[in-house]
Trainee: 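Take this structure, written in structure tokens, and hold onto it; I'll ask about it next.
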Amino acid sequence: MAESPAKRAAKLRELVNDYRYNYHVLDKSIMSEAAADSLKHELSQIEAEHPDLITPDSPTQRVAGEPLPQFKKIQHSGRMLSLNDVFNNEELEAWQSRVEKLSGQKDIEYFADLKMDGLACALVYQDGVLAQAVTRGDGFTGEDVTMNVRTIESVPLRLRSAKGYENFLNGRTEIRGEIIMYKKAFEKLNQEQEKKGLPKFANPRNTAAGTIRQLDPKLVAARPLQFHAYDLLRQDGAETPTNDFIYKAIRELGLITNKDAMVAKSIKEVEAFAKKWEDKRKGLPFNTDGLVVKVNDRRLQARLGVVGKAPRGAVAFKYPAEQATTKVKDIFVSIGRTGSATPVAMLEPVVVAGSTVQMATLHNEGEVHRKDIRIGDTVIVQKAGDVIPEVVAPLVKLRGGAEKKFVMPKRCPVCNTKLVKAKAEEAVWRCPNNACPSRAWKQIQHYTSKDAVDIEGMGEKNVIALLQAGLIKNAADIYSIKKEDLLKLERFADISSEKLVRAIQDKKRPPLARFIYGLGIRHVGVQTAIDLAAHFKTLNKLSNSTIDELAEVEGIGEVVAEAIVEWFEEPRNKKLLEKFERLGVQPESAKEIRGPLTGKSLVVTGSLESMSREEAAERIRALGGTFQSSVGKETDYLVVGANVGENKLKKARDLGTKRIGEADFLKLIDSIR
Ligand code: IVH
């Protein structure tokens, strides 16, 4: 006999929920998105025929409902607090001392997590079913955004029943966390905005905040939001003894918590955690500006109480601000290594993320006008990681009327050649004069930079001094520099001259890939240079290659191939290469590294927990393997990290590429050591 619709619906619901839990919380895919969609479709058909079978926690009930006239105000069960900030280890230790003093305890255990940059939200589950979602608001009262939060896939409509955590399915369980938009989703959204000719969003946080406060849930459903939880509240505090336990419980109940959160036995361990994430956080799927540190014991946390808006038992450890405001003194045009003319803002010096910033790129003429940045404006500047500082936006309200609009010059400010655009639709103006002096020092600096031939002592100031003294005109000339020449210059003493000459001479046989990258050919980045070196083996072969031959190299398209051929055809560059040769510079042909991965091509998708993509690439290459950027016919393994879109996996599936997880990848590369 056929199963009853009620039974079938219940089973479908369970399976779809399992898929959701595995996908969002465990980063595991138990079936494809298409298969899950198909199950959902069947479920909605049953429910359409038997409306009495619809339950509020059914996955079909995520569909966006009708727009609201306004949000209802809801009072929080307990105030949603903020945190006091500390900015360094000293301040963190001062907080620790206060906690120790107030509690009369030493050796306190702490709990540290990454601080997500989103907006706080409280989810109320009644008997395990999502009943209400409320924004933080003023901490006492928030807005009822249940309709919108129901469209967030990573929020379960019903808590999972898990052994040992059954009590949380009875009565009221409040789960608090942060609504965020992942960086990738944000970028994609902005690309779509751009394609549609619509204005771009400023940052993931504002976009998430703006989205959740949309009155039309359909709009919310179209924007990929996430919910990462950090707190669980029950009437009886004894059910939640530690923050560590709370995180475990939340995951078991089917919500996301940050996996990197940790228990620290001492404040030193918290400091090590903070240090570890200071750079590594750039690779996280979401933005973070610091950590949240709490005492692990919840009873102690409660006992420590609240001052003002913040609990005494927790603190936010903030990394140096990556944004600051300052004034634009002037806008000038800088000519880059390849002749690109970039407007640059000269700023009143300001400290951003721990270093002083005096200049910030404005990218191109269009961007200056789009953002309406004027000379004299007070602006927000931003420094993200190693990226050069940029101007985010002007503070229009602070204008006094004397601000001046920027006019893109018609001629190169250095050599006075008329600026051109290769194609009308290109955003960038260029100085077409290959002999433009402004290019020389950037090219030399590029050649000697860390990722290229890596010559120490060739920083900006030294290169300029050498150029001004007429000792060098291009990158090859550096090999003819003698100690006696340097001693004549003010900047150099006996030891420093000797050191620099030795550093240069030591790099007469640079690895071919580094040398190719150092030439500064348009579109040829580190990876392309490595691919070219591996394919052509010698500089001679590369320099004589045709567009067709170049196109055979994996990952090289027409534009790049053309740029390479053009570069080697240019008489100035031919002369440069001759000079390198004359001065005895012989790039070392790419050595075949023989290793367990020789002949194997790997693609890494998503984020790995144990290393960055760059590290993974390096490890793969060191073992003789090829690191590819996208899956192709010749790919042997697709290494699947966290937060991978279904599309990427689909291509691998279509091509039959073997997929491995991080653990297997580690086994693969560890077998070598
Ligand atoms: S714990 C008393 N953990 O930061 C509030 N908060 O400045 C303790 N936040 O309102 C909350 N990531 O919205 C906690 N891993 C995290 C967090 C986090 C972001 C937000 C949260 C809170 C604000 C406090």
Side-chain angles (χ1 to χ4, degrees), residues 25 76-87 91-92 95 99 109-123 133-143 145 149 152 154-155 174-183 203-206 208-209 212-213 225-233 237 240 242-251 255-264 270 273-274 276-277 280-281 284-298 300-319 321:
V25 183
H76 288 295
S77 60
R79 188 172 168 194
M80 287 187 87
L81 296 165
S82 325
L83 291 175
N84 288 329
D85 293 336
V86 296
F87 292 95
E91 291 178 12
L92 182 68
W95 169 72
V99 168
E109 225 178 51
Y110 297 96
F111 187 77
D113 190 9
L114 299 155
K115 188 172 190 299
M116 296 157 281
D117 198 12
L119 62 144
C121 186
L123 311 181
V134 188
T135 61
R136 186 191 128 91
D138 63 4
F140 295 104
T141 330
E143 288 180 320
V145 289
V149 168
I152 302 177
S154 54
V155 170
E174 179 169 337
I175 295 181
R176 291 182 175 178
E178 201 82 350
I179 294 177
I180 52 180
M181 185 177 274
Y182 284 172
K183 293 188 264 189
N203 58 52
R205 202 208 86 84
N206 288 359
I212 211 67
R213 296 200 67 258
L225 294 176
Q226 296 284 348
F227 181 85
H228 285 206
Y230 52 67
D231 207 355
L232 187 157
L233 307 175
T240 50
T242 62
N243 284 307
D244 182 35
F245 172 84
I246 283 176
Y247 269 52
K248 274 201 203 101
I250 291 173
R251 276 178 83 77
L255 289 100
I256 300 177
T257 60
N258 293 330
K259 273 174 282 172
D260 300 293
M262 56 111 62
V263 175
V270 176
F273 183 74
K276 171 176 150 191
W277 283 101
K280 223 179 140 185
R281 70 193 160 115
L284 286 166
F286 50 83
N287 281 336
T288 163
D289 57 355
L291 312 176
V292 173
V293 188
K294 316 176 200 178
V295 299
N296 195 23
D297 180 342
R298 297 283 283 200
L300 176 55
Q301 200 179 338
R303 245 179 49 218
L304 287 165
V306 174
V307 218
K309 281 199 216 166
R312 280 205 195 84
V315 85
F317 182 103
K318 289 285 197 67
Y319 291 120

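As the structure lists them, so they are numbered: ligands from 1, and atoms in each ligand from 1.
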Trainee: Hey, does S82 come in under 3.5 Å of ligand 1, counting only N/O atoms on both sides?
Mentor: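 No, there is no polar N/O contact under 3.5 Å.
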Trainee: Assess whether ring-ring contact (aromatic ring centres under 6.0 Å, His included) is satisfied between Y110 and W95, documenting all intermediate values.
Mentor: CA-CA 12 Å; Y110 297 96; W95 169 72; 5.6 Å; yes
Trainee: Is D289 salt-bridged to R205, going by a charged N under 4.0 Å from an acidic O?
Mentor: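 Result for this pair is no, no salt bridge flagged.
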Trainee: Classify the contact between D113 and ligand 1 as side chain, backbone, both or neither, using a heavy-atom distance cut-off of under 4.0 Å.
Mentor: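 The answer is the side chain of D113.
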Trainee: Is it the side chain, the backbone, both or neither of L83 that has a heavy atom closer than 4.0 Å to ligand 1?
Mentor: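 For L83, backbone and side-chain atoms both sit under 4.0 Å from ligand 1.
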Trainee: Could you go through N243 and Q301, starting from their C-alpha distance and side-chain angles, then the distance that decides it, and tell me whether this counts as side-chain hydrogen bond (donor to acceptor under 3.5 Å, both in side chains)?
Mentor: CA-CA 10 Å; N243 284 307; Q301 200 179 338; 3.2 Å; yes
Trainee: So does H228 get a backbone contact from the side chain of N258, meaning a donor-acceptor N/O pair under 3.5 Å?
Mentor: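 Flag not set: sc N258 to bb H228 has no pair under 3.5 Å.
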Trainee: Could you list the atoms of ligand 1 found under 4.0 angstrom from a heavy atom of A120?
Mentor: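 Per the distance check, 13 (O).
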Trainee: Within the structure, does N258 bring an N/O atom to less than 3.5 angstrom of an N/O atom in ligand 1?
Mentor: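 No, there is no polar N/O contact under 3.5 Å.
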Trainee: Output yes when the distance from some N or O of ligand 1 to some N or O of M116 is under 3.5 Å, and no in every other case.
Mentor: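 M116 vs ligand 1: N/O contact under 3.5 Å present.
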Trainee: Does M80 approach ligand 1 within less than 4.0 angstrom via side chain, backbone, both or neither, non-hydrogen atoms only?
Mentor: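 Looking at M80 and ligand 1, no heavy atom falls under 4.0 Å.
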Trainee: Need the ligand 1 atom indices (1-based, order shown) with element for anything under 4.0 Å from a heavy-atom of K294.
Mentor: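 Atoms satisfying the 4.0 Å criterion: 1 (S).
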Trainee: Applying side-chain hydrogen bond (donor to acceptor under 3.5 Å, both in side chains), run through S154 and Q226 and close with a yes or a no.
Mentor: CA-CA 6 Å; S154 54; Q226 296 284 348; 3.0 Å; yes
Trainee: Is the contact between E178 and ligand 1 made by the side chain, the backbone, both, or neither, using heavy atoms and a 4.0 Å cut-off?
Mentor: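 Answer for E178: side chain.
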Trainee: Less than 4.0 Å is my threshold; does some heavy atom of L114 fall inside it relative to ligand 1?
Mentor: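 For ligand 1, residue contact (heavy atoms, under 4.0 Å) with L114 is present.
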Trainee: Does V293 reach the side chain of F111, with side-chain heavy atoms less than 4.5 Å apart?
Mentor: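 When only atoms from C-beta onward are counted, F111 and V293 do not touch, as no gap falls below 4.5 Å.
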Trainee: Among all protein heavy atoms, pick out the one at the shortest distance from atom 11 (C) of ligand 1; state its residue, atom name and that distance to 0.1 Å.
Mentor: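 For this ligand atom, the closest protein heavy atom is Y230 CE1, 3.5 Å.
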Trainee: So, does R176 use its side chain to make a donor-acceptor pair with the main chain of A122 at under 3.5 Å?
Mentor: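 No: the side chain of R176 does not pair with the backbone of A122.
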